[in-house]
*Asks:* 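The structure under discussion is supplied below as structure tokens; questions concerning it will follow.
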Amino acid sequence: MRAVALDFGAPVRASLWSEQDGVALGRSFTLGLRLLHAPGWHSYWIVPGDAGLPTRLTWSLPPGFRAGPIQWPAPRRLAVGPLVDYGYEGDTLLLTDVQPGPDLLPGGEVRIEAKAQWLMCHDVCIPGSQDLVVTLPVREAGALHATAEAPAFERARSHIPRERKLARAAATLANGHVTLQFALPAEGAPHGLEFFPLEAGRIEPSAPQTVRVAADTVQLDLTAAQPIAADFLTLHGVLTVDGGPDAGGWAGTIEVPITANSPN
């Protein structure tokens, strides 16, 4: 998401947004946790990198309502001294889909509460939390309208990685290094390529990631985290290309079996 410069009284400000101006029977809706970071501060992705904790939401919902998991946008690599964190700066919206309960009557309203907890870091790390509330009227489905914040939800969705199939993808692990190879995409050679593991303890966050393009093949060289886990048999994570969605590129989730596994 884009960075913003505001007069901050706190390193991170949290608020709870709704994409639509009400709820209707049988129709899921989306809420968003907006985290507005002061310049130089960041919070964390689902896998935090060298250090940190992912943001958490604890919901208090009306009877019968169910909240899904946070839909994590593609993160950035954030250097903090010799460490590298995976997380977010600037203006970030974390989406959650909610399924309403079966006992809604138009004309009433529902109150949805959430406790947000995050770790915010600059040159120091500080835990943050806030109790958030949104109250929405119950309407007929045809009477629902988008809120003023709805465009931010669409931008946030464009940053959420979707499954990406890489042609001729193969991954190997040997001598403490992981190599991912795949066919050159139709759009041409990538001008930036980064991998973010969806399993902690697999890839060393602070190690360089080296990209090589030869003929019709792209190769990304990574460093395995030590000690190498015996069940590290799949390279599973988010691949960002050409700077990711922030820079006009893309982000996708990949899952590539490791065909050679050596503990050395």
Side-chain angles (χ1 to χ4, degrees), residues 44-52 54 68-80 82-88 95 156-264:
Y44 290 89
W45 187 50
I46 186 172
V47 175
D50 273 321
I70 291 174
Q71 301 169 38
W72 298 93
R76 298 175 181 173
R77 286 167 57 92
L78 303 168
V80 183
L83 306 179
V84 170
D85 296 337
Y86 303 148
Y88 308 107
L95 306 186
R157 284 194 184 92
S158 72
H159 286 64
I160 297 171
R162 306 300 180 189
E163 183 180 3
R164 181 87 178 201
K165 296 294 186 182
L166 301 174
R168 303 201 318 267
T172 59
L173 169 59
N175 301 318
H177 293 276
V178 179
T179 300
L180 171 67
Q181 290 185 326
F182 57 94
L184 189 70
E187 55 266 31
H191 299 291
L193 191 64
E194 291 184 313
F195 178 77
F196 299 88
L198 277 166
E199 296 175 291
R202 302 306 203 205
I203 299 299
E204 182 60 48
S206 57
Q209 299 191 5
T210 305
V211 182
R212 310 169 196 266
V213 180
D216 62 350
T217 300
V218 179
Q219 178 173 309
L220 178 62
D221 294 321
L222 308 167
T223 300
Q226 299 294 326
I228 297 173
D231 60 350
F232 186 17
L233 303 175
T234 302
L235 188 64
H236 182 208
V238 170
L239 195 66
T240 63
V241 175
D242 294 340
D246 274 334
W250 56 263
T253 58
I254 64 168
E255 191 165 0
V256 181
I258 294 174
T259 57
N261 193 329
S262 170
N264 299 321

*Asks:* Rounded to the nearest 0.5 Å, what's the gap from CD1 on Ile228 to CG on Leu173? Could you check?
*Replies:* 4.5 Å
*Asks:* Find out whether Asp50 and Pro82 are in side-chain contact, i.e. whether some heavy atom of one side chain is under 4.5 Å from a heavy atom of the other.
*Replies:* no
*Asks:* State whether the side chain of Asp242 and the backbone N or O of His191 hold a donor-acceptor pair below 3.5 Å, judged by distance alone.
*Replies:* yes
*Asks:* Can you give me the closest heavy-atom contact between Trp72 and Pro54, atom names plus distance?
*Replies:* CH2-CB, 4.1 Å
*Asks:* Quick one: salt bridge (Lys or Arg N to Asp or Glu O under 4.0 Å) pairs with a partner in residues 171-185, sequence neighbours left out?
*Replies:* none
*Asks:* How long is the span from the OG1 atom in Thr172 to the CG atom in Leu235, to the nearest 0.5 Å?
*Replies:* 10.0 Å
*Asks:* List for me each residue that meets salt bridge (Lys or Arg N to Asp or Glu O under 4.0 Å) alongside Arg157, sequence neighbours excluded, and say none if there are none.
*Replies:* Glu19, Glu154
*Asks:* Holding to side-chain hydrogen bond (donor to acceptor under 3.5 Å, both in side chains), I want the full list of residues that pass it with Glu255, two or more places apart in sequence or in another chain.
*Replies:* none
*Asks:* Taking all heavy atoms of Thr253 and all of Pro161, pick out the closest pair and write down the distance.
*Replies:* CG2-CB, 3.9 Å
*Asks:* Which pair of heavy atoms, one from Pro75 and one from Trp45, lies closest together, and at what distance?
*Replies:* CG-CD2, 3.5 Å
*Asks:* Can you give me the closest heavy-atom contact between Leu184 and Ala189, atom names plus distance?
*Replies:* CD1-CA, 3.5 Å
*Asks:* Apply side chain to side chain contact (heavy atoms under 4.5 Å, CB included) to Ala169 and list each qualifying residue two or more places apart in sequence or on a separate chain.
*Replies:* Leu166, Phe182, Val256
*Asks:* Say you draw a straight line from CH2 of Trp250 to CG of Leu239; how long is it, rounded to the nearest 0.5 Å?
*Replies:* 5.0 Å
*Asks:* What is the distance from atom CD1 of Ile46 to atom CG of Leu198, rounded to the nearest 0.5 Å?
*Replies:* 6.5 Å
*Asks:* Going by side chain to side chain contact (heavy atoms under 4.5 Å, CB included), name the residues that satisfy it together with Ile160, two or more places apart in sequence or in a different chain.
*Replies:* Gln71, Leu95, Arg162
*Asks:* Name all residues meeting the side chain to side chain contact (heavy atoms under 4.5 Å, CB included) criterion together with Glu194; count only those two or more places apart in sequence or in a different chain, and write none if there are none.
*Replies:* Arg77, Phe196, Gln209, Thr240
*Asks:* How far apart are the closest heavy atoms of Val84 and Ser206, and which atoms are they?
*Replies:* CG2-CA, 3.7 Å
*Asks:* For Ala251 and Pro245, work out which heavy atoms get closest and say how close.
*Replies:* CB-CD, 3.8 Å
*Asks:* Just to verify, what does Ala207 make a side chain to side chain contact (heavy atoms under 4.5 Å, CB included) with, not counting sequence neighbours?
*Replies:* Glu204, Thr223
*Asks:* Are any side-chain N or O atoms of Asp221 and backbone N or O atoms of Thr179, one a donor and one an acceptor, separated by less than 3.5 Å?
*Replies:* no
*Asks:* Excluding sequence neighbours, so at least two apart, what forms salt bridge (Lys or Arg N to Asp or Glu O under 4.0 Å) with Arg202?
*Replies:* Glu199, Asp231
*Asks:* Say you draw a straight line from CG of Leu220 to CZ of Phe195; how long is it, rounded to the nearest 0.5 Å?
*Replies:* 8.0 Å
